[in-house]
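Note that ligands are numbered from 1 as they come in the structure, with each ligand's atoms numbered from 1 the same way.
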Amino acid sequence: MKRHNFSAGPCVLPQEVLAKSAQAVLDFDNGLSLVEISHRSKAFVDVMEHARALALELLGLEGMGYKALFLQGGASTQFLAVALNLLEKRAAYLNTGTWSDKAIKEAQIFDDVTEVASSKDANYNYIPKGYDIPSDHDYFHCTSNNTIFGTQIKDFPECDIPMVCDMSSDIFSRTIDFSKFDLIYAGAQKNMGPAGTTLVVVREDVLGKVSRKIPSMMDYKVHISKGSMFNTPPVFPVYTSMLNLEWLKNKGGIAAIEKENEKKAQLIYSEIDLNPLFDGFAAKADRSTMNATFTLANDDLKDSFDSMCLEAGINGLNGHRSVGGYRASMYNALTLESVQVLVEIMSELERKA
Ligand SMILES: *Cc1c(COP(=O)(O)O)cnc(C)c1O
């Protein structure tokens with residue numbers, strides 16, 4: 001049976017990408033597996049270089065002083081690495097959810113941080129606006145898409161200090177002027193590839209300004225100087241991410257996938273708004289095109305809705321425990337057809353109720 005994978009992460013990936021990476025595990029280079037060849041072999045160095053170049057190309061950041069790295073330790077390690085590399089006196093953070101909050105906690109290891117605004121007062125169901133970013137701080141950090149709560153920053157603030165963004169769950173999903181940012185990071189497993197690698201895109205000229213000693217594995221300059229191969233890189237997730245970025249490029253890049261993502265989001269949100277059995281969680285103006293969060297108006301219908309979803313092959317629709325209800329994650333590789341299947345079940349539930 002065809003499964004419709006709405007999982008929030010690890011994410012759905014295109015079948016053709018999975019088929020190629022599965023093949024590479026068996027035979028990548030003259031009878032040797034991708035996972036048993038040297039990461040210093042030409043075959044793999046080419047993969048790493050191509051993946052790094054593709055990331056910059058798709059983001060429109062080639063030749064602009066940026067470097068792309070494929071690191072380990074997840075986005076969670078970047079919460080700490082950002083502070084280690086950029087925080088000298090004080091940093092400014094926007095708190096829009098669990099992941100922002102975790103990033104703030106890591107920065108607080110070094111000193112108190114300025115929280116410029118927070119939507120915690122409403123269980124993070126909206127994006128704060130109209131806040132000031134102090135110009136005497138080292139950097140401003142925000143989270144572009146709040147995977148758990150289903151909110152997304154639509155307009156990024158003007159900022160005269162370096163801007164850092166956790167784009168784990170919407171990178172490569174929509175056109176943004178990425179050159180507004182000095183450092184972008186994203187765990188691969190939301191919209192880029194399998195778990196195990198984290199993309200970091202950094203403008204080199206923001207580095208080297210802090211007075212502390214930075215442990216080698218946490219030092220972006222060390223990783224840049226070693227071509228993202230300071231230690232053994234996670235070859236499988238890097239290779240699969242590269243294939244997925246190639247897939248995206250062949251589709252027409254971010255501008256093309258953005259149109260599909262908007263169609264998918266419009267379809268689900270219009271059903272949520274028209275169907276009296278469902279309530280949207282996030283404020284309408286801030287709704288994420290990646291993760292749609294919603295609840296059942298009447299919990300008595302939960303069992304029938306869940307079993308209809310199961311029967312249709314829908315996977316990963318449960319909401320995060322801090323929101324409850326449901327979350328439909330519609331990353332790049334999820335098809336419009338999968339969203340149509342879900343919406344059809346939602347309206348069938350209404351007809352039966
Ligand atoms: C999932 C997620 C993280 C954590 O990523 P890991 O790679 O598991 O550390 C951080 N930020 C956002 C926005 C996420 O969605």
(request) Verify whether one side chain among Gln152 and Asp170 offers a donor that lies under 3.5 Å from an acceptor in the other. (result) yes
Give every pair formed by an N or O atom of ligand 1 and a protein N or O atom closer than 3.5 Å, one pair per line with both atom names and the distance to 0.1 Å, or write none.
unit_1   : atom_1 : unit_2 : atom_2 : d
ligand 1 : 7 (O)  : Ala75  : N      : 3.0
ligand 1 : 7 (O)  : Gln189 : NE2    : 2.9
ligand 1 : 8 (O)  : Gln189 : NE2    : 3.3
ligand 1 : 9 (O)  : Ala75  : N      : 3.2
ligand 1 : 9 (O)  : Ser76  : N      : 2.8
ligand 1 : 9 (O)  : Ser76  : OG     : 2.6
ligand 1 : 11 (N) : Asp166 : OD2    : 2.6
ligand 1 : 15 (O) : Trp99  : NE1    : 3.4
ligand 1 : 15 (O) : Thr147 : OG1    : 2.4
ligand 1 : 15 (O) : Lys190 : NZ     : 2.6

(request) For Ser119 and Thr96, test the side chains for any donor-to-acceptor distance below 3.5 angstrom and give the result as yes or no. (result) no
(request) Answer yes or no on whether Arg212 is positioned over the face of Phe110, meaning its NZ or CZ is under 6.0 Å from the six-membered ring centre and within 45° of the axis. (result) yes
(request) Look only at the side chain of Thr151 and the backbone of Asp286, and say whether a donor-acceptor pair between them is shorter than 3.5 Å. (result) no
(message) Is it the case that the side chain of Arg52 and the backbone of Leu69 share a donor-acceptor pair, with hydrogens and angles ignored and the cut-off at 3.5 Å?
(response) no
(request) Could you tell me which non-hydrogen atom of Pro128 sits nearest to which non-hydrogen atom of Leu94, and how far apart they are? (result) CG-CD1, 4.0 Å
